[in-house]
Amino acid sequence: MDLEQLRKTAAEVVARDDVKYLIGWKKGSYGSRVAPAFVEDAASVIELIFSPSCTANLATYLTLVEKTPLPRGQETDKRKVALMAKGCDSRAVVQLLVEKGIHREDVIVIGCPCPGMIDQSLLAGKYGDTEERSEVRWNGKDFTLVRGGDEIEIPRNDVLAEKCRLCRHPNPVISDYLIGEAVKEWDPAEDSGVGELEAKDVDGRGDYWEGQFSRCVRCYSCRNVCPLCYCQDCILDRLNPTWINRAVNFSENTAFNISRAFHLAGRCIECGECERVCPANIPLGKINRKMAREVREKYGFEPGLDPDAEPFQASFKPDDPEDFIL
Amino acid sequence: MTADNPYIPYFATIEDSWFETGGDRCIKTFKVVFDDPAVRDSWNHKPGQCAMIGVLGEGESMISISCSPTEGKFLRFSVMKMGKVTQALHKLEAGDKMTVRGPYGNSFPVDDWQGKKILTIGGGIGQAPLRPIVEFVKSNREKYAGLTMIYGARSAGDLCFKGEFDQMSKRDDLSCHLTIDIEEEGWDHNVGFVPQMLLDLNPSPENTIAVTCGPPIMIRFVLENLKKLGFSDEQVYTTLENRMKCGIGKCGRCNAGCMYVCKDGPVFSYSVLKDIPEAFA
Amino acid sequence: MLLNKEKWPEFVEKLIGKNLWAPKLEGEAMRFALVAEGEEVSLEYGNTRVPPKGTAFPQTETMYRFQLGNTDMQEPKLEEERILLGVRPCDARAMAIIEKLFRWDYDDPYFLKRREMLTLVGLACNDPGLNCFCPSVGGAPDSAEGLDLLMYDLGDSFLMESVTTKGEALLAETKELLTDSDADAVKTKEKLFADAGAKIKRTVDHIGIPEGLPGLWEDPLWRRVSASCIGCATCTYLCPTCHCFDIQDEVEGFEARRCRMWDSCMFEEYTLHTSGHNTRPTRRERTRNRINHKYSYYVDKFDVIACVGCGRCINLCPVNIDIVEILRQVKEELQ
Amino acid sequence: MSENYEPNIVAFLCNWCSYAGADLAGTSRVQYPANIQVIRVMCSGRVNPLYVMNALQQGADGVLVSGCHPGDCHYMEGNFYARRRLGMLKDLMEFVGVDPRRFHMSWVSASEGNKWKEVVEKTVEDAREAGPFEGFRRRQIDW
């Protein structure tokens with residue numbers, strides 16, 4: 001990744017009058033963590049980075065702006081937001097465009113081709129973690145961990161995030177600026193997580209998910225972090241009528257998780273954020289990927305690729321499969 | 001609310017209920033009496049306090065007690081139809097039961113105010129917590145130097161406790177000023193906003209306590225205007241309202257700055273409140 | 001008293017019949033769970049993912065049951081004694097801290113009863129985690145506050161020190177497994193835990209923060225630190241001192257219950273009035289409230305910081321919002 | 001499973017076809033199992049997946065959604081949306097461990113009283129085979 005080019009482009013973009021800020025990455029507070037950066041002026045672009053730690057999906061922030069009532073006479077800030085987008089971030093942007101969650105003219109996409117991101121928990125598990133800042137770099141084929149004065153070679157598959165192993169679109173699908181060269185796409189690994197579950201019988205799967213969903217603490221981080229969960233009025237916060245009780249038990253947790261997954265069927269762009277942030281380690285990605293595959297195979301639809309597509313659940317084809325109908 | 005569990009409510013039967021205003025967000029007043037005679041006798045609230053009233057199966061809501069303890073062994077609540085609980089409350093009629101626990105919060109220091117002139121400035125449903133003061137002062141009129149009431153609403157139909165004002169304006173030991181925002185037929189009182197009316201009346205701050213309650217925007221301008229009239233911060237009281245669940249300082253959500261509205265409030269002197277920016281959020 | 005590690009399985013065995021809860025691996029993380037017959041308890045863990053506050057303040061608990069149209073209310077029976085084995089000192093301290101709130105003027109019967117039924121057997125930290133900062137906020141890797149019994153891992157044995165009569169009773173019950181401690185053991189302990197304290201790298205300088213925080217009300221700092229917040233409840237649900245709850249009625253047919261469940265100040269609807277007005281409308285206000293509540297309001301009311309430095313919110317924040325970093329910035333602004 | 005277990009089925013029927021079809025079955029005195037509780041909705045496209053889940057949570061052992069045949073929808077295309085959405089819901093529920101025999105969808109027109117009978121029989125039979133639903137049903141409140 002050419003940081004020089006990134007910062008130069010970023011400086012150029014944030015200097016524009018019609019740009020509010022740029023959402024990118026900066027160093028985090030400890031270890032090899034990174035944190036989202038909101039860059040408002042050209043002087044701050046120096047803090048921008050792009051490294052294998054930038055696993056999260058920044059497209060979330062496009063729809064996370066709370067709209068508070070404005071004092072009389074003030075107008076909403078209609079300036080554009082610039083976004084550093086990997087392959088998966090850009091797919092989220094496209095899907096938001098499809099759903100008219102955002103408008104194309106409101107966003108500037110700075111495409112960052114992505115050679116694959118690390119999973120921090122895998123890294124910490126295998127190579128330890130430190131309070132002191134460290135850095136992970138791409139070194140062509142694998143990763144290098146720079147910690148203290150040491151450089152540790154890390155085989156790619158040791159710490160590669162699951163979503164990246166399965167990734168089919170590492171390059172941004174839309175962009176206004178492209179930083180560096182497009183990366184060579186790799187063959188997605190077989191989705192063994194979903195495969196293993198499919199091999200079980202329905203009761204076996206029920207037991208598996210009961211174990212998982214029972215742990216859910218309903219912190220809603222999966223909902224909040226998801227770039228495509230952006231309803232102003234979420235069914236989960238509704239009290240009247242209360243579809244899903246707020247009580248935390250297996251029944252309500254399952255209802256919550258099914259509705260979350262259902263609302264993302266045909267929309268999920270498989271960025272794996274829900275699974276990454278879950279403090280209870282529930283493999284939410286498996287459900288999402290299963291649904292994404294069903295949609296792909298049965299309906300021939302893949303979300304987040306074509307900004308002019310019809311939203312999957314708000315459209316139909318006369319010849320949709322109906323073998324399940326009595 | 002039993003001795004060992006403050007979350008268990010008492011049951012109270014609605015003796016009478018009537019609509020104060022109409023419309024989508026209509027206000028209904030309930031006059032309720034506790035089922036348990038022991039509770040009826042031991043219950044002792046002060047003007048300004050609130051109670052958690054609710055309907056089993058729907059939930060509870062913090063509502064100010066809109067009657068003075070001097071009125072009798074009953075409670076009055078004026079409830080605006082807003083959310084899940086208040087909608088359920090509005091379905092109740094005379095003879096139905098509601099749950100009540102409390103009284104919660106601090107109260108207006110009416111005893112400390114003896115010998116002073118009392119000025120209440122209310123807007124809309126904000127008159128509900130002020131009514132106990134008015135009633136309390138009315139029944140202990142000799143202990144107070146004066147009582148002036150300013151009360152306004154959007155329209156004549158939005159005024160609460162209408163029936164009581166005629167009688168009040170006939171008394172010569174207190175003055176009652178009503179106002180509505182927009183002129184309408186058959187209205188022979190003032191027309192204009194409450195803060196403006198306050199300026200027009202120009203009450204003297206001397207030996208006076210001003211108490212205000214109403215929509216946040218009204219409170220803001222009333223406080224400004226009181227300042228213009230020369231009221232010091234210590235002379236001005238207001239009440240706050242936030243979302244509440246427990247009413248006893250446990251559930252955490254009602255704080256404005258370091259003040260828990262359910263326990264440290266709802267009544268605040270402006271001298272305390274002015275240092276808490278969140279109170280005016 | 002000393003417990004040789006060879007006797008450890010026997011010690012656990014003795015407690016198992018008594019509703020013993022200990023950290024168990026669930027998913028990829030540790031969580032307190034009931035230990036069944038014949039199970040091994042391992043104390044090889046940093047800290048549990050979800051704090052043990054749930055044993056006294058469950059995520060969802062029934063306050064009372066009733067039938068619609070009936071004035072009869074049944075309260076739950078909370079008379080089940082429970083032993084928690086391997087509680088970290090920070091989590092035990094947190095229990096003591098939130099107990100102050102649950103005793104504030106009105107006694108909270110549910111929390112206090114459940115707390116009374118608990119025996120907390122602590123385990124001092126030999127190897128604190130990388131985001132631990134307990135010494136900065138009044139704790140220590142071997143703090144006994146809130147515990148009934150504290151165990152120190154001395155390598156081949158546990159040094160057991162009772163803190164309360166409950167702890168003493170537990171020691172008395174298992175006395176045939178214990179040997180008297182000696183001066184050496186105490187010396188080893190002191191050395192070990194001085195070292196453990198020294199391993200903690202992260203620090204918070206809270207001097208002046210409780211008084212100074214309200215003065216930073218409109219500081220640009222809050223927008224800066226909350227910009228990346230996604231508004232989830234990870235930091236608050238996993239916080240051992242967060243105690244906010246919501247009360248909801250649940251109805252199934254004519255059977256109903258009023259129950260309470262954890263709530264989080266990071267949720268938008270937490271302070272949302274029915275009118276649509278929100279006193280904390282954006283993540284800026286909500287983040288500000290979280291920090292203020294822990295480091296200022298609670299100090300104002302109960303004279304103790306409502307943060308025990310367990311580091312969970314730092315470890316688990318999806319977007320690396322770091323309370324130590326926020327407090328560093330607060331301190332900077334104050335100077 | 002007890003010998004005399006009778007499944008509870010909640011059926012969401014569209015107002016224009018399936019409800020009329022069920023009506024016809026009734027007026028024609030077609031005998032079909034009485035395990036079914038009918039909820040009339042204006043269109044099968046109005047059936048929110050939450051309804052299906054809520055029914056299962058609150059004690060249904062099986063759920064049936066029935067609408068007009070493709071192309072016959074009173075609202076032109078409501079049942080096409082329903083087909084896509086509920087088809088996916090079925091896949092999803094199967095993946096998280098809900099027996100696929102518990103959820104069915106059918107097209108029954110206003111004239112198909114006999115088809116209605118077959119659909120109900122099939123649904124009840126499947127639910128009976130699957131047994132009482134214990135999955136994520138709201139369990140008795142327990143302290």
Side-chain angles (χ1 to χ4, degrees), chain A residues 194 197-198 200-210 212-214 235 238 241-245 247 249-259 261-266 286-291 293-295 297-299 301 312-326, chain D residues 44-45 48-54 56-58 64-67 69-71 77-108 115-116 118-123 126 130-131 134-139 141-142:
Chain A
V194 174
L197 273 177
E198 280 175 329
K200 291 185 182 190
D201 65 355
V202 71
D203 290 335
R205 285 197 295 268
D207 292 343
Y208 174 82
W209 287 113
E210 175 160 0
Q212 303 292 339
F213 293 154
S214 306
I235 194 84
R238 271 280 182 90
T242 318
W243 282 110
I244 296 169
N245 282 340
N249 53 42
F250 170 60
S251 172
E252 308 301 335
N253 292 356
T254 308
F256 155 59
N257 277 291
I258 293 181
S259 28
F262 184 81
H263 284 173
L264 285 168
K286 285 184 188 166
I287 313 182
N288 288 343
R289 291 199 304 270
K290 161 81 183 171
M291 291 317 288
R293 212 182 63 202
E294 293 287 334
V295 170
E297 286 172 3
K298 283 193 182 164
Y299 301 88
F301 182 84
F312 176 74
Q313 289 202 34
S315 60
F316 65 89
K317 282 187 201 146
D319 56 348
D320 275 345
E322 60 169 19
D323 48 347
F324 64 97
I325 285 172
L326 293 179
Chain D
S44 53
N48 189 322
L50 276 170
Y51 296 178
V52 179
M53 269 180 347
N54 216 265
L56 290 172
Q57 269 189 300
Q58 296 201 40
L64 170 69
V65 177
S66 189
H69 284 273
E77 50 199 32
N79 53 358
F80 284 117
Y81 293 113
R83 180 174 68 182
R84 196 171 246 205
R85 291 177 191 165
L86 297 172
M88 290 208 308
L89 180 70
K90 196 175 165 90
D91 288 339
L92 174 60
M93 293 214 295
E94 198 179 331
F95 188 66
V96 295
V98 179
D99 198 314
R101 288 174 297 186
R102 296 194 191 280
F103 175 64
H104 284 306
M105 196 171 168
S106 66
W107 306 138
V108 174
K115 184 174 180 192
W116 170 246
E118 283 161 28
V119 164
V120 173
E121 277 170 355
K122 165 82 174 144
T123 311
D126 271 8
E134 294 295 343
F136 58 91
R137 180 169 180 173
R138 281 183 187 145
R139 286 159 198 176
I141 299 160
D142 181 34

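Note on naming: letters A, B, ... go to the chains in the order of the sequence lines (proteins, then strands), and numbering restarts at 1 for each one.
- When each of D:F103, D:F95, D:W107 is checked for heavy-atom pairs under 4.5 Å with chain A, D:F95 comes out on top.
- In this structure, CG in D:N48 is found 8.0 Å from CZ in A:F262, a value given to the nearest 0.5 Å.
- In terms of heavy-atom pairs under 4.5 angstrom with chain A, the leader among D:E94, D:E77, D:R84 is D:R84.
- Heavy-atom distances place both the backbone and the side chain of D:M105 under 4.5 Å from chain A.
- When all heavy atoms are compared, the tightest approach of D:M53 to A:A255 is CE-O, 3.5 Å.
- Using a 4.5 Å heavy-atom threshold, the side chains of A:N245 and D:Q57 count as separate.
- In this structure, D:L86 CG and A:E322 CD are separated by 13.0 Å, a value rounded to the nearest 0.5 Å.
- When the ring pair (Phe, Tyr, Trp, His ring centres under 6.0 Å) test is applied to A:Y299, the partners found at least two apart in sequence or on another chain are A:F312.
- Expressed to the nearest 0.5 Å, how far CZ of A:R205 lies from CG of D:D99 amounts to 10.0 Å.
- In this structure, chain D has no heavy atom under 4.5 Å from any part of A:D203.
- Using a 4.5 Å heavy-atom threshold, the side chains of D:V96 and A:N257 count as separate.
- Without hydrogens or angle criteria, D:S106 side chain to A:I325 main chain gives no donor-acceptor distance under 3.5 Å.
- Atom NZ of D:K115 sits in a crowded spot, with more than 12 heavy atoms from other residues, nucleotides or ligands closer than 6.0 Å.
- Note that CG of A:L326 is 7.5 Å distant from CG of D:D126, once rounded to the nearest 0.5 Å.
- For D:E118, there are no salt bridge (charged side-chain N to carboxylate O under 4.0 Å, His left out) partners two or more places apart in sequence or in a different chain.
- Heavy atoms of A:N288 lying under 4.5 Å from chain D are absent altogether.
- Distance check, rounded to the nearest 0.5 Å: CG of D:L92 to CD of A:E294 gives 9.5 Å.
- Ring pair A:F316/D:F80 is parallel by interplanar angle, where below 30° counts as parallel and above 60° as perpendicular.
- Of the atoms belonging to A:E252, heavy atoms from both backbone and side chain fall under 4.5 Å from chain D.
- A:K317 and D:R83 make their closest contact through O-NH2, 2.9 Å (heavy atoms, listed as atom of the first residue, atom of the second, distance).
- D:N54 contributes a side-chain N or O that, together with a main-chain N or O of A:W243, makes up a donor-acceptor pair within less than 3.5 Å.
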